[in-house]
Protein chains: 2
Amino acid sequence: MSEIRTLALACKDAAQIMFGLDTQTKRKLLHDMADALEAQRETILTANARDLQQAAAKGLQGAMLDRLRLDASRLTGMAVAVREIAALPDPVGLVTRRETRPNGLEVERVRIPLGVIAMIYEARPNVTADAAALCLMAGNTVILRGGSEALHSNMAIAVALHAALEKHDIPVAAITLIEDLRRETMVEVLQLTDIVDLAIPRGGEGLIHFVAEHARVPVIKHYKGVCHLYVDASADETLAMNLLIDGKISRPGVCNALETLLVHRDIAASFLPKAANALQECGVELRGCERSRALVDGMRPATEEDYAAEFLDLIIAVRVVDDLGMAIGHIQRFGSDHTEVIATRDENVARRFVQAIRSAVVAVNASSRFSDGGELGLGAEIGISTTRLHAYGPMGAEALTVERFVVRGHGQVRHPQSARN
Amino acid sequence: MSEIRTLALACKDAAQIMFGLDTQTKRKLLHDMADALEAQRETILTANARDLQQAAAKGLQGAMLDRLRLDASRLTGMAVAVREIAALPDPVGLVTRRETRPNGLEVERVRIPLGVIAMIYEARPNVTADAAALCLMAGNTVILRGGSEALHSNMAIAVALHAALEKHDIPVAAITLIEDLRRETMVEVLQLTDIVDLAIPRGGEGLIHFVAEHARVPVIKHYKGVCHLYVDASADETLAMNLLIDGKISRPGVCNALETLLVHRDIAASFLPKAANALQECGVELRGCERSRALVDGMRPATEEDYAAEFLDLIIAVRVVDDLGMAIGHIQRFGSDHTEVIATRDENVARRFVQAIRSAVVAVNASSRFSDGGELGLGAEIGISTTRLHAYGPMGAEALTVERFVVRGHGQVRHPQSARN
């Protein structure tokens, strides 16, 4: 048996134990995990210093290097996040529906853990603790495959988490960190169809495409967020301006930032020059259609690629549309099923927008930046799904479980003629 | 663009229209589909006669030929099934949760259709109408790829269904029947990741393995049902006997039939000889462990393969176990995550069984044969998922939808400091 299969099988065996844990025990376990992270602070920071040094030597810099960096305060933040996850409602055991059938059978739908979850992610070492805590809180075990830059940090974090598992007599394989970072080993994990119940890739488009291409296990993908704001003719202009600035400026590098502004032609002459002005003051480059360029000086023409782009930067594509239908058509063509926003005072227009748009999150008069597990009330998120299956949009603990059927009877059979009472 | 891609894209475009249809319209559409099936009875039966003739010429016989056969009464049954689906509660638009966040945002979880569903199935032509009706009732469109034996029947059924779509000005591509049955064409469908939201293979293990191996789109698998009955020491013996006979005899060829009987050693001497006798009277062959063979004359020894087998036949594997833990261990090792049953009068044992078993359906004192969408209250089923993701167990119309987020605000932004009120 290959080494990776042996590791994964141990993780699957541990899933049987996690499957049966009650809420109280899981919460204690997560608190011990948080305590262990703090207790092993020095070891983790030393390991992180080694990663930082190697990364700097390889020429990593700026935001990339910053995402890799841990310090005392970030480590505390990591422990706090784990304790917050411990405080979440436990989705496991939740009875979502209960029905008594005409023959007296009691049929319940009950949430159970998925089993073994493989997280494939990139540089941020805090994902190691976050993902492990969320997977375990939902009764699962986890195979973690992080980026090579963070390997020593991740290993030190795993050592701390394992100490907590041991305290509860749970096999450390419940949190299995893959230290062999060769691509072929990742592919092997992604093809363990009899062991891995779900793979969640988190990172750049390249990583996600690689995982989607090579996986034989189910994958929930987190593709790009090409988020739109449509400013309807009936919009409150100040409100629309606030959604625009918050969506584009407050954190342009994240997936729920706005990438395209669609403006109804009846409000364009009034709204667009002011909007362009405000955006430009914040250093945003605008790329627009002909009609928007006629209203704003010095706007560069937008190409089809611009409308399809996730800029993740201070750039926004702009288009004046004839009506709601044209706005919807644009989103259907260029959107990425992530998050779309409408600014309108017309209830009817809002309803039609919500009904026609198939994205994971659709917001009426609220910023796209709320498309986030914490903001929407999930408590924590393991990612944002753009796969329209199982989970769609921000995924919390509940998305790491599934409903199954529990049936209770008193001897009912389907074909009573074969019974021998 | 390949021909199949063109067809699939038309199906995706039609999904935009289906997405917006209200319940009333969908119900009328399904009733018109049912009427059209009956109106075109002669054409469909003629096409079916042609399929039957070719199948017989190819040497198909017995149950296989029978599954392919349509007659006036089966066609009526098909239309009735479509009308029953039309009467189901519409899952689309269902608000499953509603919460007002501290900042006043109203967050709803609302069910929407998945989009385009690819059904890959084998000989039974009634699946064509069933699957189309269920997919459309849940607001989806469907790509149907049936077996070659039923091609003419399926084409005639599709013509009837298309007549109903046209009556409602819905593109006929909403029900796209693939007539090119080459394997490479099926593979192409299974790799249209930008078009197909879900593939559901229904048929033998070979087909399901083929689909799982070649798909790049999400797949919900319906693998085998190695269903267990565990007769606890505390079981009511008559009740246990009824579950055993119903589970093994009433329809041995289906996935929710029993394949293995586990008996607690304390009840084995009393229960097993009677059970063996009753099973043998019904023509069932028993294959057992040493301890069960010591209690029953002429029982053939069971191999590991027998314990892992989905016999789909009048054969049952038998094992005497020391206790509940050994029964659970056996099921964990040999089960297929489908359906497991316990017969017990001990609430505590029942609870431990339900908590330890991860199968899609777990039944206490009720027959495994209830593991069926209709019997469990789903109204109709598109299959039974053994994939622990999205849906697990019998899948009805709701399993063809997904929850997304609808957020309503009055101008909330995430970083108010950037707002310009």
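A note on names: the letters A, B, ... follow the listed sequences, proteins ahead of strands, and every chain is numbered from 1.
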Can you tell which part of [X] gets under 4.5 Å to a heavy atom of chain B, answering side chain, backbone, both or neither?
X: A:Val107; answer: side chain
X: A:Leu243; answer: both
X: A:Leu105; answer: side chain
X: A:Ile112; answer: side chain
X: A:Pro394; answer: both
X: A:Thr96; answer: neither
X: A:Glu106; answer: neither
X: A:Val407; answer: both
X: A:Gln191; answer: neither

Does any non-hydrogen side-chain atom of [Y] lie less than 4.5 Å from one of [X]?
X: A:Asn365; Y: A:Leu239; value: yes
X: A:Tyr223; Y: A:His209; value: yes
X: A:Asp246; Y: A:Leu244; value: no
X: B:Ile117; Y: B:Thr141; value: no
X: B:His415; Y: A:Ile249; value: no
X: A:Leu21; Y: A:Met18; value: yes
X: B:Phe405; Y: A:Val362; value: no
X: B:Arg109; Y: B:Glu403; value: yes

As an exercise: rank [options] by heavy-atom pairs under 4.5 Å with chain A and give me the winner.
options: B:Arg345, B:Gln16, B:His390; result: B:His390
options: B:Asp236, B:Ile357, B:Val361, B:Leu114; result: B:Leu114
options: B:Ser385, B:Gly377, B:Gly20, B:Ala350; result: B:Gly377
options: B:Thr387, B:Leu376, B:Val354; result: B:Leu376
options: B:Ala391, B:Ala399, B:Ala363; result: B:Ala363
options: B:His410, B:Glu99, B:Gln332; result: B:Gln332

key: With sequence neighbours excluded, residues passing side chain to side chain donor-acceptor pair (under 3.5 Å) with B:Thr401   =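 Expected list: B:Arg111.
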May I ask you to name which of [options] has the most heavy-atom pairs under 4.5 Å with chain B?
options: A:Gly409, A:Ala356, A:Pro113; result: A:Gly409
options: A:Ala240, A:Ala360, A:Gly115, A:Pro102; result: A:Ala360
options: A:Lys221, A:Arg352, A:Arg97; result: A:Arg97
options: A:Ser359, A:Ala212, A:Pro218; result: A:Ser359

key: Region of B:Val364 in contact with chain A, defined by heavy-atom distances below 4.5 Å   =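 Both the backbone and the side chain of B:Val364 come within 4.5 Å of chain A.
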ask   = Between B:Asp197 and A:Arg388, which heavy-atom pair has the shortest distance, and what is it?
value =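 In terms of heavy atoms, the two residues are closest at OD1-NH2, 3.0 Å.
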ask   = Where is the tightest heavy-atom contact between B:Val217 and B:Ala199, given as atom of each residue plus distance?
value =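 Minimum heavy-atom contact is CG2-CB, 3.9 Å.
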key: Close approach to chain A in residues 336-344 of chain B, criterion heavy atom under 4.5 Å   = none
query = Does any donor atom in the side chain of B:Ser371 or B:Asn256 lie under 3.5 Å from an acceptor atom in the other side chain?
reply =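 Checked: B:Ser371/B:Asn256 side chains show no N/O donor-acceptor pair below 3.5 Å.
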inquiry  = For the CZ atom on B:Arg251, are there more than 12 heavy atoms of other groups (residues, nucleotides or ligands in this structure) within a distance under 6.0 Å?
reply    = no
key: B:Leu190/B:Val196 under side-chain contact (heavy atoms from CB on, under 4.5 Å): CA gap, chis, key distance, verdict   = CA-CA 8 Å; B:Leu190 293 170; B:Val196 174; over 6 Å; no
task = Identify, with sequence neighbours excluded, every residue that meets ring-ring contact (aromatic ring centres under 6.0 Å, His included) alongside B:His330.
result =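 If we apply the ring-ring contact (aromatic ring centres under 6.0 Å, His included) test to B:His330, skipping adjacent residues, the hits are B:His228, B:Tyr307, B:Phe334.
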message = I need the full list of salt bridge (Lys or Arg N to Asp or Glu O under 4.0 Å) pairs touching residues 357-374 of chain A, with sequence neighbours left out, sorted by first then second residue.
response = A:Asp372-B:Arg414
